Each structure stands twice: as C-alpha cells, then as structure tokens.
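These notes concern the structure reproduced below.
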Amino acid sequence: MKWILLAAAVLAVISGTDVAHKQQAINRLLYKVTEPIRSKFTDLKEASKSFTPTGAGAKLDKEHKDHRLLQQKHWFSLFNPRQREEALMLVDALLESTDFDHFKNTAAYFRERMNEGEFVYALYVAVTHSDLCDGVILPPLYEVTPHMFTNSEVIQKAYTAKMTQTPAKFEMEFTGSQKNPEQRVAYFGEDIGMNSHHVHWHMDFPFWWHGEKIDRKGELFFWAHHQLTARFDAERLSNYLPVVDELYWSRPIKEGFAPHTTYRYGGEFPSRPDNKIFEAVEGVARIRDMKEMESRIRDAISHGYFTSHSGDPIYIDNERGIDILGDVIESSTYSPNVEYYGALHNYAHIMLGRQADPKGKFNMPPGVMEHFETATRDPSFFRLHKYMDNIFKLHKDKLTPYTHEELAYDNAHITDVKIDGELTTYFEDFEIDLTHAIDDTEEIDDVAVSTYVHRLNHKPFAYKIKVKADHEDTATVRIFLCPKHDYNGIELHLDEYRWGCIEMDKFWTHLSAGSQEITRKGSESSVTIPDRVPFSDLIKEADDAVAAGSDLDHKNIRACGHPARMLLPKGKSEGMEFNLFVAITSGDDAAHPDLATNEHGSTHGYCGIHGQVYPDKRPMGFPLDRKVTDEREFHIDNINVSTVKVFHKK
Ligand SMILES: *[C@@H]1O[C@H](CO)[C@@H](O)[C@H](O)[C@H]1NC(C)=O
Ligand SMILES: [Cu+2]
C-alpha cells in the first residue's frame, strides 16, 4: 500500500500536479501582472501563445477576437457590470478545468489578452474556489496590486527609487491630517490586513456567485460586516470618539474623504468634501430609488415575510430569516426577488463612490467605495454599514428573546474566568514590498523598494476558564468582548451593549466530569488568521521545492479572516474596560462531529468553513443576537460576564 502512495507522489512531482508546482505556476501568473509573462517561464509563455481555450474560455476568446473586451492598462471595478461580466467569463473558464494544466494554460492565455484587473480578480476567485488549487497560498494582494493598498506619495517615491536605481524603504502615513478627528481611527480603516480580509471575504462569498450553494452566505454577509462595524465602534470608543452614526439619504454625507491614492492606470481616486448632499448617479440610481429599496425591505421586516417572484410569502421571523435578509440586502443571486427588493448594499457602494462626479461629466474613475480593497478607508463605509446593520437589527429585535431552555447548559458551571498575561495593544511597523508597484522589463534589474506601515498588534494572552462539569461531554465555548461604557462613560446594560460585542473566539472542547481549567490562547482564535506570507517567500519556497523535487505542505491557506494581531481593539494607556462575555453551551451546537479536535482550517467565525456547512448550528452571534428583555435569564451557571482592561503602550 505504502509504495503505491509513494509512487503516486513521485508521479505527481514529475508531472507537475503537486502543490509545489501549482504554487509556482500561480506565483508566476501573478508575477508583475501588468507586464507580459516573463520568457523564462517557458511553459506559461508557450501556453499564452499556442493554447486553444475551450468551453467558457472559447466564448471569452471570441469576445476578445471581436474586440469587445476592456483594454489592458485601464482600471477595473467589480461593480461595473460589463467589466464584471468579462472577469466572470474567465472565472467560469478556470473553474471548468478538470486538470491543473488546463487551469494554468487558460490563465496564461488570457493573462496576455485581458485587462489586468479583471485577470487578477478572476484568478484569485478561481484559486479560492477550485479544488485543483488545494494547498496553494495566494500572494498578499497588497504586494500584487499595491496601488490599491497604499497611497500616491509612496508610489511616487517608489518610482523615484527605481528610476535612480537606489534601493529605498520609506514610511507610509495614514491618509489625512490630525485636524480630522476621524484620523484617530484611520489605523483601522486603512489596515492592510483588515483590507485584505475584507476583499477576500467578498471573494469567498461573491454576491454574483452561481456555483455550488454556499451555506448561510447571506447570514455571513450580515455577520462579517456586523463584526467590522462593532470592531470599528470599539476602536472609536478607545480613541475618545462616539460610535458611528448611520447614513441618511436625505442628509448631507457628514465626513468627506480625500483618498490620496492613484490608480495604476486611470488617474486619481476622486475626493469628496465634507457635507456633500447626495445626488442621483446617472445610469445607477436616484435617491428616491434607494429610499424605495430601503422601505420595501423595512416593510418585509415588519410583515415578517418577503414576497417571492411568484408572489408567495417567504417567512423570516425565524432562525433562517437573517440568511434571507442578508441575501436581499447585499443583494446576492440568492435574493428571492431582486427585481422588487433591489441591491441596497451594492448600489449604495456605487452611489457613495460616485458623489464626486455623479453625472460623469469629468470622466472620473470609480471612487474608493467601489472597490472592496479600498472601501473601508472612507469613513462613509462605516456609516453605510451602520445603516444596513440597523436594518438587520430591526429584524433580529423582532424575534422572541431566548428562553432559559435555549440559553442554559446545566452540565457546565463556570467558576472563574481570568486572562493569562496582560491585554496590551501597541503599534508596530510592518514592511511591504513594493517591487510590483513599479513597471520594468526583463532587462532592467529590480531595485529593493519597500514601505513600512504602522499597524496595531497586541501582546500574547490566553483565557483561563474554570469549569465544573457534572458529566463528561463535548461543549461549545463562545467568547465575546463587549463595550462596558458608552461614549459618555455611562455603564451599559446587557441589552444595550450586546449589539456592540466583538466575537473573539468560538471553539469546541471536551469536558471531563469534575473541575477543570480550559486554557485557550488568543492566537488560536477562530475568527483570525496569522500574517500573510510575503510574495517573495512564496516564490522562493515554491522554486526551491520544485528544484529539489519535493512538495509543499501548506497550513493556514485561507486568506479570509481578521488579522490575528487585531484581535483586540486598541486599549488606553490607563486601561479601557470591556465586558468579557463567556458562554458554554452543549456540544450539540456543532454542525460537524469532530470540531473539538479538528478546526477545519480555523478562521470559521467570520468566514465559515470552505466548501462545508458553517460549524455552528446556532445563529451567528448567539446568544447576543436577540433582544434581552430580562437580563436575569443570563444569570446562569454556564454564562459569565467579567470586566477586563485593555491597555495601550507606546
Ligand atoms: C464571572 O467570573 C468572575 C471572575 O471569575 C466572577 O467574579 C463573577 O462573579 C462571575 N460572574 C458571573 C455573573 O457569574
Ligand atoms: Cu463588504
């Protein structure tokens, strides 16, 4: 038996279907995407000339031959319907592949013919979803397309370094000035790890998705964005700012935004001054269209049902309702009646993105709000998401509060909750390689150019939870960090703070009869991922493995997940108080039988388990997602709320 496996492994290495070869091919396909495939990558270069695309690829090739495709060296936005259509043709062509060679050759062929932005998007999505690419790590997007994650100042400096052939490393500041109070939380909205999480979330769960059904996609849309909103609010409170107010269509957009960012092709990202009055965007929507979409959705929430195409009611005052509401609001292809309920989220992004040039008079490229990479930099992103979050809350608040039976787990008695170590945040510098930000040719050598950004991190810590169990069992542990006081320093009740709770972790564990201590490290959190592997490391590792005839065994391949270093919101020098909420419920909540020993790729809290059902059978956010009318229901042995302090050190 063993020699058969060995023979299979040897065969895989020789034929190039092992992870090392795949990783190498993906690296090379993304290497300097705005330039032709390097001639030293002979197989890809050859495929780009002589491959004959089939199926969806043939259809896309015909569009190319008919000169219908978007030119190269032009901006790309997923919210542009035609550009999206082109990118999705490539996604289909790639996902149709039945072997990796076909996948690789299709990609190589279209890399030389399609718009680079469309190509990168399609390749990232296809690698994420294709079984043929299992084990492949996607290079950090901030290194492949640095223009979307940095600013014009940094890119200009990079060009100077290249032109003068002088290696350089320079600082990247956050956008704006300290005269703007919003600047205090720019480290959150502009964090490259968080931006990457956001853009990857939308690649794992695309609104246009027409492939195999993705479990609880609409609910994940709600939960991932709700968590971004809650986290941003927590950061604001630590920075002496009130929580975000929602967006109003009929009031001025309070905060302006000057992105200081330039497209690689297509000029500068448009700016928006403070207090801009919303205008209709030609060819997209009028303000009254937006209000209409909103009021139809609010109507459905009040009625407790949506109306399908055929006029049938789809009841939502139940556990499943949130999933449907998420599908409707985004909207995704799962929306039961997109003609009637519209696409509130997607249209709102475009409306906000275009306010600088609503009539298209100045031929401005799309705004930061029209790209998932850049959207969170603009303070209006969080206003918009607060607005939608409040609509979700309206629905959740209609549901019957959890009963004692639903909350209790008589087997577990929490006797103590402690933090091992100090909850301490700090800022650090992080270096980003800018090699891919600047043009060159095969003949010109690369110059080492990088920028360092400031980013939030925290010291290692662990939760220590003492539990007494009546009998042996598997249990579900949920940990939330919740605001304790509002902006004015007034202590909040459970029903006031629950919606602002940050999901820190959720895991399954084995309880033995009697007393025990559960230790869980912050770094094990199921909502976060570790730092991304730099592109240059991925290249070196794959090239070395291929040269040595060995394979790669990648762990942590998911790109969706909040950055581990941002698990804790920023503290205060004197300490910022939070409520640490711990709930232990029965292991029956697990949707997979082995969760206590197998985390299924971790990072499932905000990103689910790839290709499988969401691990928790309960609604996302349980038990804090519903109204609490009687706080005493939560005074039970399996739930504990304690106060913790998060410090911030210079
Ligand atoms: C939770 O645990 C803390 C610390 O162990 C304890 O002081 C507190 O009384 C507990 N609270 C509840 C509601 O059980
Ligand atoms: Cu989003």
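Worth saying up front: this structure is predicted, and the values here are computed from it rather than measured. One-based numbering, in listed order, for ligands and for the atoms of each.
- Ring geometry for Trp208 versus His210: interplanar angle of 30 to 60°, hence tilted.
- Looking at Val144 and Tyr124, their side chains come closer than 4.5 Å, going by heavy atoms from C-beta outward.
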Distances only, to 0.1 Å: what are the N or O pairs between ligand 1 and the protein that fall under 3.5 Å?
unit_1	atom_1	unit_2	atom_2	d
ligand 1	2 (O)	Asn640	OD1	3.1
ligand 1	2 (O)	Asn640	ND2	2.3
ligand 1	5 (O)	Asp416	OD1	2.3
ligand 1	5 (O)	Val417	N	3.1
ligand 1	11 (N)	Asn640	ND2	2.9
ligand 1	14 (O)	Asn640	ND2	3.1

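- Between His197 and Tyr606, the angle of the ring planes lies from 30° to 60°, which puts this pair in the tilted group.
- Checked against the 6.0 Å centroid threshold, His345 and Phe207 do not count as a close aromatic pair.
- The residues Lys254 and Asp245 are annotated as not salt-bridged, no charged nitrogen and carboxylate oxygen being separated by less than 4.0 angstrom.
- Of the candidates Glu182, His260, Glu190, Thr175 forms a side-chain hydrogen bond (donor to acceptor under 3.5 Å, both in side chains) with just one, namely Glu190.
- For the atom pair Leu228 CG and Phe382 CZ, the distance stands at 6.0 Å (nearest 0.5 Å).
- With a cut-off of 2.8 Å, the protein N/O/S atoms near the Cu ion (ligand 2) add up to 3.
- Exactly one of Thr585, Asn638, Asp473 qualifies for a side-chain hydrogen bond (donor to acceptor under 3.5 Å, both in side chains) with Tyr409. That residue is Asp473.
- If you look at Trp223 and His226, their ring centroids are closer than 6.0 Å.
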